[in-house]
Amino acid sequence: MPKEVDMPSLLHEGLLALIRERPEFAADLLREVLRVEVPEFTEARIAEATLTELIPAEYRADLVVLLVNDKPVFGVVHEAQLEPKPRKRFTWPVYATALRARFECDVAVVVVTVDDATARWASEPILLGGQSVYVPYVIGPRGVPLVTDEEHAKRDPELAVLSVMAHGRGEESVAVAAARAAIAGIAGIDEDRWVLYSSLIESSLSDAARKAFEMLPKAHQFFSESQRKSFDRGRVQSQARAIIRVLSRRNLAVFAEQRERIESCTDLETLDRWLDRAVTAASTEDIFAE
């Protein structure tokens, strides 16, 4: 029996990781899923830190991608949303206007969710006062293409994984077909991405679909126990680095013993709590408060 994973945390992290691992995927989603015309670009660049410097820390976006052609030509703010959070309807317009003012190019706020109710909530127009209205782009499970063709999955493994995340808890046969294509699609990628994507595929399936997939002739194992441990270690290290980075960006001193405490922690729930506190804490010591 595979070890249980923190499903909400993995989903949130995974939705962003698909873009962080290949920033060009942000443009693919705009073109292929949202039918947004994207200007020609030569580079897709993660620009998370730039946005954090631009606006206060409490408005920190999940992920920012800049499409560049000598200069920025399009900015994309990606938000992974697992459930409705009313505060987001105040911050999403801030992300759009701040990024647009900083880089003087068109921008889009793209909310990605695997929950239908959250997709409907996020799609509601945001009234800004007067005649101003803001509406983010939303990719919900109904808007994600179902990828069941292995060749298609090999051409676009990130979309294949997202397909399983969106459809893996629906009809069993559909979920199994999507998972089978996605596993084939990620076969040729590097090991670190393979471990992450395999975990996302496995965790996104319903119990029935997972059992049916594992019974397929010559079905690929999602990943070995050693690979799972490697993935867990990677998540811990990533969270520790994020905490120290946020504190550093906010010019809060991190003493040697505090850094050691953060880097030696192996509990993801604790690290998640510390990262949340790091965004608004008055001092580094405050993130450790009981």
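Residue numbers start at 1 and run along the sequence shown.
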Asks: Nearest 0.5 Å, what's the CG-CG distance between Leu67 and Asp106?
Replies: 11.0 Å
Asks: Please name the pair of heavy atoms, one in Ala278 and one in Val246, separated by the smallest distance, quoted to 0.1 Å.
Replies: O-CG1, 3.6 Å
Asks: Between Ile243 and Leu271, what is the shortest heavy-atom contact and its length?
Replies: CD1-O, 3.5 Å
Asks: Connecting only ILVMFWY residues whose side-chain heavy atoms lie within less than 4.5 Å of each other, what is the rest of Val135's hydrophobic cluster?
Replies: Leu127, Val133
Asks: Taking C-beta and beyond as the side chain, do Asn69 and Pro39 meet within less than 4.5 Å on heavy atoms?
Replies: no
Asks: Over all heavy atoms of both residues, which pair between Ala182 and Ala160 is shortest? Give the atoms and the distance, please.
Replies: CB-O, 3.8 Å
Asks: Look at the side-chain heavy atoms of Ile, Leu, Val, Met, Phe, Trp and Tyr, link any pair under 4.5 Å apart, and say whether Leu162 and Val174 land in one connected group.
Replies: no
Asks: State, without any angle test, whether Glu285 and Ser283 hold a side-chain donor-acceptor pair at a distance under 3.5 Å.
Replies: no
Asks: Hey, what do you get for CD1 (Ile287) to CG (Leu247), rounding to the nearest 0.5 Å?
Replies: 5.0 Å
Asks: Okay, side chain of His152, backbone of Gly185: is any donor-acceptor separation there less than 3.5 Å?
Replies: no
Asks: In the single-linkage hydrophobic clustering (I, L, V, M, F, W, Y; side-chain heavy atoms under 4.5 Å), do Val68 and Leu99 co-cluster?
Replies: yes
Asks: Find the distance between CG (Leu205) and CD1 (Ile201) and round it off to the nearest 0.5 Å.
Replies: 8.0 Å
Asks: Would the distance check show the side chain of Ser163 and the main-chain N or O of Leu159 forming a donor-acceptor pair, the cut-off being under 3.5 Å?
Replies: no
Asks: Determine whether Val33 and Val144 satisfy the following criterion, side chain to side chain contact (heavy atoms under 4.5 Å, CB included), listing intermediate values before the conclusion.
Replies: CA-CA 7 Å; Val33 178; Val144 176; 5.5 Å; no
Asks: If you define the side chain from C-beta out and look only at heavy atoms, does anything of Leu82 sit under 4.5 Å from Asp115?
Replies: no
Asks: Restricting to non-hydrogen atoms, name the atom on Ala181 and the atom on Ala153 that form the minimum distance, rounded to 0.1 Å.
Replies: O-CB, 3.2 Å
Asks: Could you note down all residue pairs passing salt bridge (charged side-chain N to carboxylate O under 4.0 Å, His left out) where residues 122-144 supplies at least one of them, sequence neighbours left out?
Replies: Asp116-Arg142
Asks: Between atom CG of Leu66 and atom CZ of Phe103, what is the distance when rounded to the nearest 0.5 Å?
Replies: 4.5 Å
Asks: Step through the shown structure and confirm whether more than 12 heavy atoms of other residues, nucleotides or ligands are within 6.0 Å of CZ on Arg100.
Replies: no
Asks: Within the side chain of Glu214, is there an N or O that forms a donor-acceptor pair under 3.5 Å with the backbone of Lys211?
Replies: no
Asks: Applying side chain to side chain contact (heavy atoms under 4.5 Å, CB included) to Val65 and Arg45, what does each step give before you reach the verdict?
Replies: CA-CA 5 Å; Val65 177; Arg45 177 189 305 163; over 6 Å; no
Asks: Does Arg210 use its side chain to pair, donor to acceptor, with the backbone of Glu202 at less than 3.5 Å?
Replies: yes
Asks: Distance-only, no hydrogens or angles: does the Arg277 side chain make a donor-acceptor pair with backbone N or O of Ala289 under 3.5 Å?
Replies: yes
Asks: Supply the atom-to-atom distance Asp286 CG to Leu252 CG, rounded to the nearest 0.5 angstrom.
Replies: 9.0 Å
Asks: Within the side chain of Arg193, is there an N or O that forms a donor-acceptor pair under 3.5 Å with the backbone of Ile186?
Replies: no
Asks: Does a side-chain heavy-atom distance below 4.5 Å link Gln239 with Leu275?
Replies: yes
Asks: Is it true that, when you exclude Glu257 itself, more than 12 heavy atoms of the residues, nucleotides or ligands shown sit nearer than 6.0 Å to its CD?
Replies: yes
Asks: Does the side chain of Leu18 reach to within under 4.5 Å of the side chain of Met165, using non-hydrogen atoms?
Replies: yes
Asks: Take a 6.0 Å sphere around OH of Tyr137 and say whether it holds more than 12 heavy atoms from other residues, nucleotides or ligands.
Replies: no
Asks: Taking it one step at a time, do Arg89 and Tyr134 satisfy side chain to side chain contact (heavy atoms under 4.5 Å, CB included)?
Replies: CA-CA 9 Å; Arg89 296 178 61 78; Tyr134 185 78; over 6 Å; no
Asks: Closer than 3.5 angstrom, by distance alone: can the side chain of Ser123 be matched with the main-chain N or O of Ala119 as a donor-acceptor pair?
Replies: yes
Asks: For Arg22, give me all partners under salt bridge (charged side-chain N to carboxylate O under 4.0 Å, His left out), at least two apart in sequence or on another chain.
Replies: Asp28, Asp156, Glu158
Asks: Shortest non-hydrogen contact from Val236 to Thr266?
Replies: CG2-O, 3.7 Å
Asks: If you measure from CD on Glu172 to CZ on Phe213, what distance do you get to the nearest 0.5 Å?
Replies: 12.5 Å
Asks: For Phe288, give me all partners under ring-ring contact (aromatic ring centres under 6.0 Å, His included), at least two apart in sequence or on another chain.
Replies: Trp274
Asks: Has the side chain of Ser198 got a donor or acceptor atom that lies under 3.5 Å from a matching backbone atom of Trp194?
Replies: yes
Asks: Determine the minimum heavy-atom distance between Val94 and Phe90, stating which atoms define it.
Replies: CG2-O, 3.5 Å
Asks: Assigning hydrophobic clusters by single linkage (Ile, Leu, Val, Met, Phe, Trp, Tyr; side-chain heavy-atom cutoff under 4.5 Å), is Leu146 placed with Leu15?
Replies: no
Asks: Using a strict 4.0 Å threshold on nitrogen-to-oxygen distance, state whether Arg259 and Glu263 make a salt bridge.
Replies: yes
Asks: Enumerate the residue pairs fulfilling salt bridge (charged side-chain N to carboxylate O under 4.0 Å, His left out) with a member in residues 143-154, sequence neighbours excluded, ordered by first and then second residue.
Replies: Glu151-Lys154
Asks: Mind running side chain to side chain contact (heavy atoms under 4.5 Å, CB included) on Leu29 and Leu34 for me, showing each step along the way?
Replies: CA-CA 6 Å; Leu29 289 176; Leu34 295 169; 5.7 Å; no
Asks: Only distances under 3.5 Å count here; give the side-chain donor-acceptor pairs of residues 72-81 to other protein atoms, sequence neighbours excluded, each with its distance to 0.1 Å.
Replies:
{"from": "Glu79", "atom 1": "OE1", "to": "Lys88", "atom 2": "NZ", "distance (Å)": "2.7"}
{"from": "Glu79", "atom 1": "OE1", "to": "Trp92", "atom 2": "NE1", "distance (Å)": "3.2"}
{"from": "Glu79", "atom 1": "OE2", "to": "Asp62", "atom 2": "N", "distance (Å)": "2.8"}
{"from": "Gln81", "atom 1": "NE2", "to": "Glu83", "atom 2": "O", "distance (Å)": "2.9"}

Asks: Measure from the side-chain N and O atoms of Ser204 to the backbone N and O of Val164, and report whether any donor-acceptor pair falls under 3.5 Å.
Replies: no
